[in-house]
Amino acid sequence: LPLLATGIPGFDTVLGGGVPAGDLALIVGDAGSGKTTIALQTAFHLARSGSATCFVSTTSEAPGRLLEHARSYAFYDESRVGKELLLLSIYPLIQKGLGAVRAALEAEVRQHGARLLVLDGLSTLHDLHSETAELRRFVYELGDLLSTLGCAILLTSSRTEPSDVHSFAEFTMADALVRLSQSLRGTRSERHLQVVKVRGRAPVLGLHTARIDREGFAVFPRFESLAHRGEITPAEHRAATGLPELDAMTGGGFPACSVTAVAGATGTGKTLLALQFLLEGAENGEPGLLVSLRETREEMTARGRRFGLDLSGRLQDGTIRFEHHAPVDLEPDRMVHALEAGIAALGRGRFVLDGADDLLLAIPDEGRRVALGHVVSGLLRSRGISAMVPLLVPAGVGPELDLEHTPMAALAQNLVLLRYVEYAGELQRILSILKLRDSDFDASIRRYVIGSSGFRLLPRTEADAGLLAAIAGLPSEARVKRPGEPERSR
Ligand SMILES: Nc1ncnc2c1ncn2[C@@H]1O[C@H](COP(=O)(O)OP(=O)(O)O)[C@@H](O)[C@H]1O
Ligand SMILES: [Mg+2]
């Protein structure tokens, strides 16, 4: 059967392609959950391809009020009203019985060759028609009739549970069943769409994030549904960082097409290292994508300037693209879909996600946080992208940083740890590599400085050896007493 696309972003995906011609789809949800919006948006989408929709509003929402509602959305198109979008009123007919209503609807569908019939507000019919058996027959016969005409039916109802004896019939008759809901998370309202069943196809079942704005309704399929789309073939070459000392430790750079987590406390220089990684790629003709959940474009370029990095030049010539997503109202599923779009547009190249911690924090469930790590990692690697992801870890984390079964382990194949330690009254910044995909690496601890020329690893000197040995096993901020030195007061 040909599928009728709703044209609603993400909705067709979770439905397994759309609504098959002639099928009966039921959308249930409380008032304001978006049922009418979905119906209108679908009708206008069909209209654009020349297909007619008979739209029956059973509520007291008169056609004029319905259009008023529709007008608030960008998809509204006045020129389709009365042509591809036919608004029908069944109030006058209801008195004559449901048989008359059915006959009238059939006649309209035939006359206009409609591909879709919307019955918005089945619950109203329930209220007007206490005879459940009769209403059930009405829906059944209408569905049967229209399916032979290849016309799909979209029913909406505010009765959300099939346990309600009145609504049991349409729940069982529906080929597709979708439930809309709204809930509060903190002080803000979140919308969800749940695909309960879809007959004969492979939908993406379960709860998805949804949203209504001026563009209308949009669904953001659970990000797990993006997983395992592409083959991952590890590349042999290396992604140089532009820090010769660091590249020497890794055998020429981080393995290409892998994700490197840079873990460290605030102020250790994680973002700076990631910026240099991006700029080095750009230097060698690799396009870059910098997604920041924290800093704006201006803040990020100012940071680059402070450290002598020409980020703004790269943004201007387009080698590196910048996207800022404000972490307020961070909806992880929406964010991951936005990331996917950005990653797809990047193609092979380098990617930095700054502020990934905020994204992880927005997911209350630990299992889903790990899933997020896998999904983002898979998206990047299957596209041959070399990525660096700064991750905030509490000060005091040492080389024993345990990664197993964490989102970070799911995300990154390589791990660099940045720490600052106080040694004999001086703050030392030190870097160490804890993990590198399929490769041997220099596991020594190295000092680095952050200055006007950016992040710079210091060459190893003989004098360092003792110092580094002393702090090797210590967590950051640990105080190390030089032998013979008197105890200092804190
Ligand atoms: N232009 C718009 N931008 C954002 N939200 C809107 C807009 N128009 C309507 N809404 C919201 O969308 C919802 C509309 O839901 P509606 O489709 O009428 O639900 P139902 O038919 O399930 O009662 C309401 O919560 C309303 O606040
Ligand atoms: Mg409505």
Side-chain angles (χ1 to χ4, degrees), residues 6-12 14-15 19 24-47 53-78 80-81 85-91 94 116-128 139 153-162 164 166-167 170-171 174 176-196 207-220 326 328-329 331 334:
T6 65
I8 294 172
F11 192 33
D12 293 318
V14 298
L15 284 175
V19 178
L24 180 78
L26 173 63
I27 299 184
V28 300
D30 294 332
S33 60
K35 304 180 295 295
T36 304
T37 304
I38 287 184
L40 284 169
Q41 196 169 347
T42 304
F44 278 105
H45 178 72
L46 291 177
T53 296
C54 290
F55 201 110
V56 182
S57 186
T58 65
T59 60
S60 48
E61 204 164 17
R65 291 223 355 237
L66 182 71
L67 287 181
E68 199 57 48
H69 180 177
R71 226 169 253 131
S72 71
Y73 294 112
F75 59 73
Y76 178 76
D77 181 353
E78 185 88 53
R80 306 292 186 180
V81 179
L85 178 64
L86 299 141
L87 301 174
L88 310 176
S89 173
I90 55 169
Y91 262 93
I94 282 182
L116 179 68
L117 173 78
V118 175
L119 261 175
D120 191 25
L122 195 67
S123 16
T124 317
L125 283 187
H126 278 296
D127 298 340
L128 293 171
V139 173
I153 302 181
L154 183 61
L155 289 179
T156 76
S157 174
S158 54
R159 302 195 189 221
T160 56
E161 293 306 322
D164 182 336
H166 294 290
S167 47
E170 64 258 20
F171 271 79
L177 174 59
V178 169
R179 184 179 280 124
L180 307 180
S181 56
Q182 267 180 285
S183 58
L184 278 180
R185 168 113 160 258
T187 53
R188 101 191 139 83
S189 172
E190 280 187 340
R191 293 182 185 275
H192 288 105
L193 179 146
Q194 182 188 4
V195 181
V196 182
L207 210 58
H208 306 286
T209 303
R211 176 185 161 95
I212 301 180
D213 59 18
R214 229 194 80 75
E215 303 298 310
F217 204 94
V219 182
F220 304 94
V328 271
D329 285 358
E331 285 162 329
R334 212 176 109 218

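Just the heavy atoms: all of them, side chains too, but no hydrogens, waters or symmetry mates, feed the values below. One-based numbering, in listed order, for ligands and for the atoms of each.
For Leu67, the side chain to side chain contact (heavy atoms under 4.5 Å, CB included) partners two or more places apart in sequence, or in a different chain, are Arg71, Tyr76, Val81, Leu87.
Look at Glu215 and you'll find every heavy atom at least 4.0 Å from all atoms of ligand 1. Using a 4.0 Å heavy-atom cutoff, Asp120 is absent from the residues neighbouring ligand 1. Within the structure, ligand 1 lacks Gly29 among the residues with a heavy atom less than 4.0 angstrom away.
Taking every heavy atom of Thr36 and a limit of under 4.0 angstrom, the matching atoms of ligand 1 come to 17 (O), 20 (P), 21 (O). Short contacts between ligand 1 and Ala31, defined as distances under 4.0 Å to a heavy atom of the residue, involve ligand atoms 23 (O). Those atoms of ligand 1 that come under 4.0 Å of a heavy atom in Thr37, given as number and element, are 14 (C), 15 (O), 16 (P), 17 (O). Residue Asp30 approaches ligand 1 through these ligand atoms, each under 4.0 Å from one of its heavy atoms: 22 (O). Interface atoms of ligand 1 facing Arg214, defined by a heavy-atom separation under 4.0 Å, are 1 (N), 3 (N).
Proximity annotation for atom 26 (C) of ligand 1: of Arg211, Arg191, Gln182, Lys35, Arg191 comes nearest, heavy atoms only.
For Thr156, every N, O or S atom stays at 2.8 Å or more from the Mg ion (ligand 2).
Contacts of Asp213 with ligand 1, taken as heavy-atom pairs under 4.0 Å, involve the backbone alone.
Taking the six-membered ring where the residue is Trp, Phe75 and Tyr73 present parallel rings, their angle staying beneath 30° rather than reaching 60°.
Taking all atoms of both residues into account, the shortest heavy-atom contact from Leu26 to Ala174 is CB-CB, 3.8 Å.
A side-chain N or O of Thr156 and one of Asp120 form a donor-acceptor pair less than 3.5 Å apart.
By the 3.5 Å distance cut-off applied to N or O atoms, Gly34 is counted among the residues near ligand 1.
Listed for the Lys35 side chain is a donor-acceptor partner under 3.5 Å among the backbone atoms of Gly29. Formation of a donor-acceptor pair under 3.5 Å by the Thr58 side chain with backbone atoms of Gly121 is found in this model. Counting only distance, with no hydrogens or angles, the side chain of Asp30 and the backbone of Ser181 share no donor-acceptor pair below 3.5 Å.
Contact of the Leu40 side chain with the Leu66 side chain is registered, since non-hydrogen atoms from C-beta on lie closer than 4.5 Å.
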